[in-house]
Each structure stands twice: as C-alpha cells, then as structure tokens.
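Predicted model only: the values in this text are computed from it and were never measured. Chain identifiers are assigned alphabetically (A, B, ...) following the order of the sequence lines, protein sequences preceding nucleic acid strands; residue numbering begins at 1 within each chain.
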Amino acid sequence: MMIFLPSPLRPYAGGQGAFELDADTIADALGQLTQIHRDLRSRLFQEDGQFSAFVNLYLNGEDVRRLPGKEATAVKSTDTLSILPTTDEAPQPLATGHESAH
Amino acid sequence: MTVLRLPAAVYQALRAHAEETYPAECCGALFGLPAAEGWQVHAAVRAANACAALAPNRYEIAPAELAGLARDARRRGLEIAGFYHSHPGRPAQWSATDLAEAHWIGCSYVILSVERGKAVTMQAFLLAGTLEEEKHFETQALLVEDFSIGPGASRV
C-alpha cells in the first residue's frame, strides 16, 4: 500500500512524502512507518497511545474513524493511506488505541 | 520574512470567492510548490465552509473534503501550500480561533477582509514553529505575479 504525508509531516519522515509498504492493516502500516521514522511517532500518537487529535487518517479518501474496523481495517496493496493535519480546533480522537504502533 | 507568491489569476479568484460568500466566510486550499523563502502557489481550490450554518465567523473544511483536496493536489503534482478564508466585516488579521484551528505547520494561511461585499485587504501568514504548543503565525510578504505587495496588508 501507499502512504502519503503532506509537507508538515515530512520533516519527521526523512523529507519523504510517499511510502510503499506491505501491510496487513492500517495499524500495521502505521507501526511500520513509525518504526522506520521514529520522529514521526510523536507527531502521530499521543503519550497514551491514542492517535493525535491534530491529524486524521484517510484510507482511499475515507475517514478511518468512520470505518467499522477503524485502524484494524485490512488493507490491500492497491490502497492508499493519507495522513493529514486537521483544519478545526477540536478534532475528535480515534476511539481505539494504538499500542502496537506507539 | 517568508514569501507567498500568488499568480494574479489566483489572487483574483480568492477575491471573487470572498465576495460571493459575503457575509459568510469562504474558505479553500492553495495548491503549490515550495519556493525560495516560502511557497509558489499555482492554484486555489474552493471548499465548502462546514461551519457556515452554525458559526458565521468561523470556517472549517470537512475532513472528507480535505482528503479530496490533498488527493487533487497530488494528482496535479502539487502540494497543499496553505489555506485561505475571509473575514467579513473584520480585518485581515488572524484571530485566536484561526491559530487554534491551524495545524498545517510550515504552510501559509491567507485571510481576506471583506467590507460591504468587497474584498479590501489580503494578508498571508506562515504557520511557524515545530510543535502544536509553540506554533505561531508570522506575517508573510505577498507577491502577486511580478509585483510585491508587502510586507503586511495589501489593498485589493
């Protein structure tokens, strides 16, 4: 699958904006990405393992918070995951934790 | 001081959008590429103001639309360089709410002041800093085509 990062997050990912990963789920992909780019971890996750309230995930354009499986959603090699900062003041954090990726 | 470079067509498009939505706030995204000391904007894309009905003095781009904008920019070989919105009846100065709602660090935020239906002032601000806790706006010089309007406000 492909993961895309916008300019605000690239300084924490070696300056790269696109990554191709072989992952089973969204959480797996995030875990792999933050394992490679550890500086990115603190940008994506809070200390308690929750996903940051200031960024949102989109799987093929769909808000991951609205997917039944949320980050446990299985992914295919053709899927794209975008990680984008929000544009509002009080974003809602994801309901599930991210222990595996934290 | 950093620079935001706008093609004249984009500059006029922002004005038109702000005037069309008056007295509500308009909003949208700026597509561009990094340039010396800032961003070179290539296009502006309108977005629906998800807050328009609830709070006339705020703007928000719905998450699904934001994802679509990012995808659109990528397909064009561009990036989201920043966002714009209008301040109907208020100065083209960022507010505490504007700062609280800004999370695209390193990107530009353009604000247009609209008075009696006419866009009168445009300013650009860079969201600077590295962490949410220390982010802040810095005034940018606004360059429209080959002439400079800045630093500070530009009369439109």
Side-chain angles (χ1 to χ4, degrees), chain A residues 1-20 26 37 39-47 50-67 70-71 73 78-95, chain B residues 25 27-35 38-39 47-51 54-55 58-75 77-85 95-109 126-133 135:
Chain A
M1 74 177 306
M2 292 296 300
I3 298 182
F4 294 104
L5 297 180
S7 61
L9 294 174
R10 288 180 203 161
Y12 310 101
Q16 287 183 257
F19 302 85
E20 187 167 8
I26 294 170
H37 299 287
D39 289 345
L40 195 57
R41 191 174 303 178
S42 62
R43 305 293 157 168
L44 302 186
F45 298 99
Q46 301 172 0
E47 290 183 0
Q50 293 286 332
F51 202 74
S52 169
F54 301 111
V55 292
N56 285 335
L57 299 173
Y58 303 91
L59 181 67
N60 303 321
E62 290 286 324
D63 191 334
V64 170
R65 293 173 300 181
R66 296 180 181 278
L67 298 178
K70 296 189 168 48
E71 291 162 75
T73 301
T78 54
D79 286 340
T80 61
L81 183 70
S82 296
I83 306 174
L84 302 176
T86 64
T87 62
D88 60 351
E89 183 176 11
Q92 298 299 310
L94 293 173
Chain B
E25 288 195 12
C27 61
L30 302 171
F31 292 176
L33 293 171
W39 287 96
N49 183 354
C51 280
L54 300 174
R58 287 186 57 196
Y59 81 99
E60 179 187 334
I61 300 174
E65 186 163 18
L66 180 62
L69 289 168
R71 191 167 56 246
D72 186 12
R74 199 164 57 240
R75 285 174 177 162
L78 301 171
E79 301 181 24
I80 291 181
F83 301 92
Y84 70 90
H85 73 283
S95 65
T97 299
D98 291 333
L99 180 60
E101 294 178 342
H103 307 292
W104 286 67
I105 291 173
C107 289
S108 294
Y109 286 75
L126 174 74
L127 185 63
T130 54
L131 301 172
E132 268 292 314
E133 297 75 20
K135 69 181 181 182

B:Glu79 CD to A:Arg10 CZ distance, which is reported to the nearest 0.5 Å: 4.0 Å
Which residues share a side chain to side chain contact (heavy atoms under 4.5 Å, CB included) with A:Arg66, sequence neighbours left out: A:Asp63
A:Glu62 atom CD, neighbour heavy-atom count above 12 within 6.0 Å: no
Check: B:Leu66 main-chain N/O paired with A:Tyr58 side-chain donor or acceptor under 3.5 Å: no
Which atoms of B:Leu131 approach chain A - backbone, side chain, both or neither, heavy atom under 4.5 Å: both
Part of B:Ile61 lying under 4.5 Å from any heavy atom of chain A: both
Which residues share a side-chain hydrogen bond (donor to acceptor under 3.5 Å, both in side chains) with B:Glu132, sequence neighbours left out: B:His103, B:Lys135
Contact class of B:Ala70 relative to chain A, heavy atoms under 4.5 angstrom: side chain
For B:Ala67 against A:Gly61, the heavy-atom pair lying closest together: CB-O, 4.1 Å
Atom pair OG1 (A:Thr86) and CH2 (B:Trp104), whose distance is rounded to the nearest 0.5 Å: 9.5 Å
From OG1 (A:Thr87) to OH (B:Tyr59), nearest 0.5 Å: 6.5 Å
